[in-house]
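As structure tokens, the structure follows; a few thoughts come after it.
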2 protein chains.
Amino acid sequence: MAANSVLAPFRSGRHDHGHCIEDALKAAETVCRDRGLRLTELRRQVLEMVWTEHRPVRAYDLLDRLRETRGRAAPPTIYRALDFLRDQGLVHRIESLNAYIGCGSPLSQHSGQFLICRECSAVAELDDPAIEKLIKKRANDAGFQVVGQTIEITGLCPQCSGGDESSSPGSENALSEHA
Amino acid sequence: MAANSVLAPFRSGRHDHGHCIEDALKAAETVCRDRGLRLTELRRQVLEMVWTEHRPVRAYDLLDRLRETRGRAAPPTIYRALDFLRDQGLVHRIESLNAYIGCGSPLSQHSGQFLICRECSAVAELDDPAIEKLIKKRANDAGFQVVGQTIEITGLCPQCSGGDESSSPGSENALSEHA
DNA sequence: TCCAACTTGATATGATATAACATACCAAAA
DNA sequence: TTTTGGTATGTTATATCATATCAAGTTGGA
């Protein structure tokens, strides 16, 4: 069960996963405290679940997991938590997958730019300012005032495109198989 | 019912709408003939409906309209037609809206870059090669091999951002109201 | 304490999309 | 002409994703 999906640009091996979950939760606490908002147990738990997966997770999968610890829970519960976390920039929604993923840099507001592997569902968050700027410029040239950018690139991650065979790619099609 | 949503970068006024539907159908015929594929009556009709709307249209709205002329029709009917048209690059899917729109330049293969107005649902298709290239470069730098790009920019079109009040913006929130 | 705002629970439903199987249609081969 | 194979469409059912609505509980301040 090698976690070969990462958030910062694809790294060859694994990383300290527990550490990055912790960081995300800490950042969330900071963000909420600074903004006078409540990181309730539910919200905290959902954020932790998102980060535990560490790849795009679907709302109903989160819901199933929530039920394991919390008994009955209905769709609005998970969507409300996700909406809160999204509003605060703590998670992103991947439109092309109808799925959610933890934000790699929650302290700065941004729309997110994602590289999504077709084979293994690994996702990297780019957040390249040059891309954002160029798009903004071209939009402005057309008289368009930019509010948000959805940038989702599909393709093959380093592991799955063949260069790196060290960590069993392909076999792990995660978005649908984390029963 | 002013059609202030256009496909080529936002134009201030209206355009010859009948003409652009015709063009789209002609292009579709060319494409299909060249590729040995059949532009069946259904596919043609769906493409025409998409272009008639000339803004993002949802599958079930198309389905309703299809039923007006064709009697009973089930979801797969519309989704199959849309899939065909998408495969041939004749329509694009706007992921962030779960909606479909005619492709402005169907003769060249491309992923599409969209400017989507939050107020009036007007959509412009950018297709700027520089943006595509930059994204590809940055992805490659991260070891990622690009297959497809989803680029959807939300914001305000020239009309709705205040500069141009000539053609009644805002009042026409189309995506959900073309009953 | 009491109120107002916020949060969560719970039920129902809306909206989007596909699986699975049957039938129609068309053209080339037997 | 019949058979056959491929493509397209019809049909039913269901999976998947998301929100409206209202009730109940919680929190923190006046």
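In the text below, chain A, chain B and the rest are named by the order of the sequence lines, each starting its count at 1.
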Assess the side chains of Ser96(A) and Glu95(B): does a donor N or O sit below 3.5 Å from an acceptor N or O?
no
Please determine if a side-chain N or O atom of Thr77(A) lies less than 4.0 Å away from the OP1 or OP2 oxygen of dT8(C).
no
Quickly work out the Asp87(A) CG to dT7(C) P distance and round it to whole Å.
11 Å
I want to confirm an ordering. Mapping Arg80(A) and Pro75(B) to their closest nucleotides on DNA chain D, which one lands closer to the 5' end?
Pro75(B)
Answer with base, sugar-phosphate or nothing: what part of the nucleic acid does Tyr100(A) contact at a heavy-atom distance below 4.0 Å?
sugar-phosphate
Among dT9(D), dA10(C), dT16(C), find the nucleotide with the atom closest to the side chain of Arg70(B).
dT9(D)
Please confirm whether any donor atom in the side chain of Tyr60(A) sits under 3.5 Å from an acceptor in the base of dA18(D), or the reverse.
yes
For the residue pair Thr69(B) and Gln45(B), confirm or rule out a side-chain donor-acceptor distance under 3.5 Å.
yes
Nearest-angstrom distance from the residue atom CG of Asp64(A) to P of dC17(D)
11 Å
Any side-chain N or O of Arg72(B) less than 4.0 Å from the OP1 or OP2 oxygen of dT9(D)?
no
Whole Å only: how far is the CG atom of Asp83(B) from the C1' atom of dA19(C)?
14 Å
In residues 36-43 of chain B, which residues come under 4.0 Å of DNA chain C by heavy atom?
none
Looking at Asp61(B) and Arg58(B), is there a salt bridge between them, counting it only when a charged N and a carboxylate O are closer than 4.0 Å?
yes
I'd like to know if Arg67(A) and Asp64(A) make a salt bridge, using a cut-off of under 4.0 Å between side-chain N and carboxylate O.
yes
